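Numbered from 1 within each chain, the chains take letters A, B, ... in sequence-line order. For clarity, every value in this text was computed on a predicted model and none was experimentally measured.
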2 protein chains.
Amino acid sequence: MRQRSRQAVKLDDVANLAKVSPSTVSLFVRYPEKVSVKTGKKIQAAIDELGYVHNKIASQFTGGRSSSMAVIVPSIANIIFSRVIQQIERTVSAAGYQLSIASHDHSLDKEEEQVKAILQWSPAVIAIAGADHNPSTVKMLQNSGIPVVQMWQIEGSHFPAQVGNDHTHVGFQAAQFMIESGCKKLAYFTTRFKEDIRAQKRYQGFTAALTATGLQPVVVDIPRTDNIYQASRSLLMKTLVKERGLDGIFCSSDAIASALLMEAFDKRIQVPQQLSILGFGDFPASAFLAPYSLSSVNLNADNMAAKTAEMMLKMSEDNAYQGEIVDVGFEIIPRDSTNLPF
Amino acid sequence: MRQRSRQAVKLDDVANLAKVSPSTVSLFVRYPEKVSVKTGKKIQAAIDELGYVHNKIASQFTGGRSSSMAVIVPSIANIIFSRVIQQIERTVSAAGYQLSIASHDHSLDKEEEQVKAILQWSPAVIAIAGADHNPSTVKMLQNSGIPVVQMWQIEGSHFPAQVGNDHTHVGFQAAQFMIESGCKKLAYFTTRFKEDIRAQKRYQGFTAALTATGLQPVVVDIPRTDNIYQASRSLLMKTLVKERGLDGIFCSSDAIASALLMEAFDKRIQVPQQLSILGFGDFPASAFLAPYSLSSVNLNADNMAAKTAEMMLKMSEDNAYQGEIVDVGFEIIPRDSTNLPF
DNA sequence: GTGAAAGCGCTAACAA
DNA sequence: TTGTTAGCGCTTTCAC
């Protein structure tokens with residue numbers, strides 16, 4: 001690793017030049033308002049002249065105050081997470097925190113490693129997606145004394161701070177919606193079903209609603225691939241042939257759903273008369289697809305991100321605040337790809 | 001801010017329990033292979049028993065080795081950046097680095113702030129998107145002694161390490177392609193034109209190619225909005241009416257392009273006979289849109305991300321390595337939305 | 001509002 | 001391969 005040369009300009013140098021004590025400079029750098037205007041000006045002049053950069057590493061080392069935060073998600077590239085990360089970054093960076101990110105691609109072991117690595121930096125707060133982790137991951141987090149915000153999902157009870165949705169419930173409502181809109185045989189299209197715990201939860205809810213109505217769910221687990229659109233499209237006709245009478249599909253993401261929509265159009269399958277398609281995530285494009293717009297489950301992700309960021313800040317600033325459980329709710333947005341429920 | 005309690009278990013405690021010296025523990029924690037197997041086992045046992053977490057802050061403070069890296073982009077939510085970040089995170093975290101991210105939404109002043117904040121943490125390397133920055137931003141980076149990888153764009157000469165594309169050239173080639181495929185009147189659809197410097201560069205190249213052929217470019221700057229798909233769609237007909245004879249559009253992203261494609265379909269505009277549409281970024285969905293797939297400029301973003309990450313690691317590990325300029329190239333992918341060039 | 005003194009937890013030399 | 005020693009740059013008392 002690159003050897004960092006010893007810091008060129010340090011706080012003491014600024015103090016010397018400004019003819020004040022180091023502790024005054026330290027105060028000024030962190031809380032400018034706590035220093036008299038006159039002294040502040042002198043110090044600022046010295047800082048500018050020397051090009052001093054405040055050393056956060058030394059600062060945090062000494063003072064025990066952390067001004068970094070971390071967020072751990074399965075995937076950064078997934079549009080739904082990237083939007084959330086974007087918003088969290090915006091909020092916490094405006095409050096003076098540096099944001100670290102880690103992703104683990106739905107591997108609980110990788111997640112454990114990522115948590116371990118993050119704890120070594122003692123961030124002020126950690127936001128982690130999902131409720132299911134390796135036992136040792138949970139233990140590490142709990143022992144660390146670092147506050148955790150569980151996001152995305154509000155199931156499970158490892159942490160008192162949770163912002164997100166009950167995915168089992170989402171799945172249940174989705175099935176309900178499709179049944180009420182007239183579907184007689186339903187499938188659940190997903191990918192990485194083995195790894196994606198939230199997708200499993202939604203499927204559980206989906207199944208519960210179906211069996212309550214005497215229906216049998218079909219699962220299609222789209223093989224892992226470089227391009228989910230291609231993979232999804234290639235499975236539609238096969239599935240329709242194999243599962244005769246299939247007239248409704250609930251997808252694990254709008255990417256899958258819009259791919260199916262495109263394939264249905266190409267193959268002249270009437271949507272929604274012959275086939276209803278319901279997405280998940282309500283991507284920005286979904287409302288504006290042609291010829292059919294895509295019905296989808298909107299997760300209030302922006303609201304979730306805002307609430308998560310807010311809670312992160314609050315937990316960082318206020319020791320006593322333990323967080324709370326916020327169900328941000330969801331909404332099934334009916335568009336062209338599904339019939340209206342009767 | 002939350003007051004971190006003094007560290008419960010420290011390296012010295014581990015050393016005491018394992019009956020070795022602190023420096024041996026330190027060595028073991030960082031380079032396990034440099035300690036004898038026997039001693040290593042003792043130390044590991046002590047670490048496990050005490051639940052010791054290595055303090056990277058103290059480590060970095062003392063030793064001057066940084067094991068964090070930072071990446072600065074205009075936007076995290078933009079699919080093209082989120083994929084790049086994902087890949088960089090994967091690579092550098094596998095090499096033991098923590099990745100910080102910052103975004104500035106195309107504001108050079110915000111970028112400057114973000115750079116300042118990041119420098120305070122003295123990361124091992126900084127990757128920054130784009131070649132244009134405030135002069136003081138460049139100065140800060142250069143004075144910091146921290147290696148910088150300029151990514152996304154290889155124009156400009158502030159830093160010897162650059163990975164990306166020549167966006168002026170991309171714009172030129174795009175125009176060339178559309179002219180050769182028969183377009184007589186071309187428009188450039190973009191958004192945030194004032195802020196997005198790369199979009200401007202592409203437009204410059206685009207214009208250069210047009211004027212060389214005696215054509216006049218039209219620019220449509222889509223107003224800032226919450227949903228680019230909606231905003232793009234709503235501008236197509238207006239533009240076609242206003243700019244009679246318009247028969248080709250080069251878009252600043254595949255999001256805009258696919259929205260126009262949808263709108264064209266809805267309005268029964270023949271694509272590509274009446275109107276050619278060329279995207280930028282080659283989103284995963286673009287090849288699989290129906291009824292027309294979208295022609296687009298593929299930027300080899302995955303390759304760019306890989307090269308960037310590789311260079312970041314190399315610059316971190318090897319003091320002497322100054323980086324290099326890598327043009328990852330691009331490819332215009334002809335699909336249904338454009339005619340074949342004659 | 002400002003200054004003096006002590007020490008945070010670790011690593012880098014060096015020595016053994 | 002392991003131990004000893006010194007000190008990184010800052011913040012935090014506690015004075016004044």
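- Between the side chain of A:Gln120 and the main chain of B:Lys56, no donor-acceptor pair closer than 3.5 Å is present.
- Here D:dT2 is the nucleotide among D:dT11, D:dT2, C:dG9 with the atom lying nearest to any side-chain atom of B:Thr39.
- Relative to the side chain of B:Arg30, the nucleotides C:dT2, D:dT1, C:dT11 differ in distance, and C:dT11 lies closest.
- Proximity of a side-chain donor or acceptor of B:Gln86 to a complementary backbone N or O of A:Ala77 within less than 3.5 Å is detected.
- By the ring-ring contact (aromatic ring centres under 6.0 Å, His included) test, A:Phe81 is found to be paired with A:Trp152, residues two or more places apart in sequence or in another chain being considered.
- Out of C:dC10, C:dG1, D:dT11, the shortest distance to the side chain of A:Ser36 is found at C:dG1.
- At a threshold of 4.0 angstrom between heavy atoms, the contacts of A:Phe28 with the nucleic acid are absent.
- Residue B:Ile57 contributes atom CD1, which lies 15 Å from atom C1' of D:dT11 at whole-angstrom precision.
- Taking only side-chain nitrogens and oxygens, B:Ser59 comes nearer than 4.0 Å to OP1 or OP2 of C:dT11.
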Can you check nucleotides 4-7 of chain D for protein contacts, nitrogen or oxygen pairs under 3.5 Å, and list what you find?
from: D:dT4; atom 1: O4; to: B:Ser23; atom 2: OG; distance (Å): 3.1

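- When the nucleotides C:dT2, C:dC10, D:dG9 are ranked by their closest atom to the side chain of A:Asn55, D:dG9 comes out on top.
- At most 12 heavy atoms of other shown residues, nucleotides or ligands fall within 6.0 angstrom of atom NZ in B:Lys307.
- Checked against C:dC10, C:dT2, D:dT2, the side chain of B:Leu11 finds its nearest nucleotide in C:dC10.
- A distance-only check finds a donor-acceptor pair linking the side chain of A:Ser66 to the backbone of A:Ala124 [under 3.5 Å].
- Closest-nucleotide positions on DNA chain D for B:Leu27 and A:Val29 were compared, and the one nearer the 5' end corresponds to B:Leu27.
- For A:Leu313, the side chain to side chain contact (heavy atoms under 4.5 Å, CB included) test picks out A:Met69, A:Thr91, A:Val92, A:Ala95, A:Tyr97, with sequence neighbours left out.
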